[in-house]
Amino acid sequence: AQKITQTQPGMFVQEKEAVTLDCTYDTSDPSYGLFWYKQPSSGEMIFLIYQGSYDQQNATEGRYSLNFQKARKSANLVISASQLGDSAMYFCAMTLSRGDTGRRALTFGSGTRLQVQP
Amino acid sequence: DTGVSQNPRHKITKRGQNVTFRCDPISEHNRLYWYRQTLGQGPEFLTYFQNEAQLEKSRLLSDRFSAERPKGSFSTLEIQRTEQGDSAMYLCASSTTRDSKNNYGYTFGSGTRLTVV
């Protein structure tokens, strides 16, 4: 079974600074996908970024980048130039890929609450 | 398409009552997932459907829980004889079995928040 670990229950960052949210994962399956989601107080899970286990380059999406270190089984999220609107819960998640049957359900970590200070 | 829709947004019920939640996925998505999220925790997988077939159920899904997707479109999650421990946010998500350019396959609804008093 796969497992996601997020060791930072809460993080503070000053507006306009960069912040790194940690995520480690555990699976023996060679084919998997890693996700980061943002969950504001409204409850909706907002997709941020995706990294496939066979992707050669680290994923980037605007101000979000994923620092993927496969040997260490880590997939840290880096948010550059933090904004007040970035204050939310952030979840790391993974799923196993099953070829033509597609992905299975997501396994989530316990989350990190990010607070951006003015 | 307006995304994944969940109803109701909030539900308050007395202990022992039955409740039912509804999820309407994105129309072209053939997979539908239910998750439960308690306060301060990440979502936990409950069950998923491919079309109308329920392919996997978590151990979290006790006998009091039942989910259906009768025509492969919307889904319902019913909790019988609710307990205070059932208080949580119930999230629905949908996806296709093909990789998607958007969200890499998963779209979540806004959830149904259940409070059992």
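Sequence lines set the chain letters: A, B, ... in the order given, protein chains first and strands last, and positions in each chain run from 1.
For Q37(B), the part lying under 4.5 angstrom from a heavy atom of chain A is the side chain only. L91(B) touches chain A through its side chain: at least one heavy atom from C-beta onward sits under 4.5 Å away, while N, CA, C and O do not. Residue E56(B) touches chain A through its side chain alone, counting heavy-atom pairs closer than 4.5 Å. In this structure, chain B has heavy atoms under 4.5 Å from both the backbone and the side chain of S110(A). Within the 4.5 angstrom heavy-atom criterion, only side-chain atoms of R9(B), from C-beta onward, approach chain A.
Using a 4.5 Å heavy-atom cutoff, the side chains of L106(A) and Y35(B) are in contact. The shortest distance between side-chain heavy atoms of Q39(A) and F108(B) does not fall below 4.5 Å.
Minimum heavy-atom separation, M89(B) to G43(A): CE-CA, 4.2 Å. The minimum heavy-atom distance linking A105(A) with F45(B) is given by the pair CB-CD1, 3.3 Å.
Annotation for K73(A): atom NZ counts as buried by contact number, over 12 foreign heavy atoms lying within 6.0 Å. Within 6.0 Å of CZ in R15(B) there are 12 or fewer heavy atoms belonging to other residues, nucleotides or ligands.
In the hydrophobic clustering of this structure, L60(B) groups with L77(B); members are Ile, Leu, Val, Met, Phe, Trp, Tyr whose side-chain heavy atoms approach within less than 4.5 Å, directly or through other members. When the side chains of ILVMFWY residues are joined at heavy-atom separations under 4.5 Å, either directly or via intervening members, V78(A) and Y50(A) end up in two distinct hydrophobic clusters. L61(B) and Y48(B) are assigned to two separate hydrophobic clusters, defined by single-linkage of ILVMFWY side chains at heavy-atom distances under 4.5 Å. Cluster annotation: L32(B) is connected to F65(B) through the hydrophobic network of ILVMFWY side chains, with a link wherever side-chain heavy atoms come within less than 4.5 Å. Connection of Y33(B) to Y37(A) is established within a shared hydrophobic cluster, with ILVMFWY side chains joined at heavy-atom distances below 4.5 Å, either directly or through further cluster members.
The ring of F35(A) has its center closer than 6.0 angstrom to the ring center of Y106(B).
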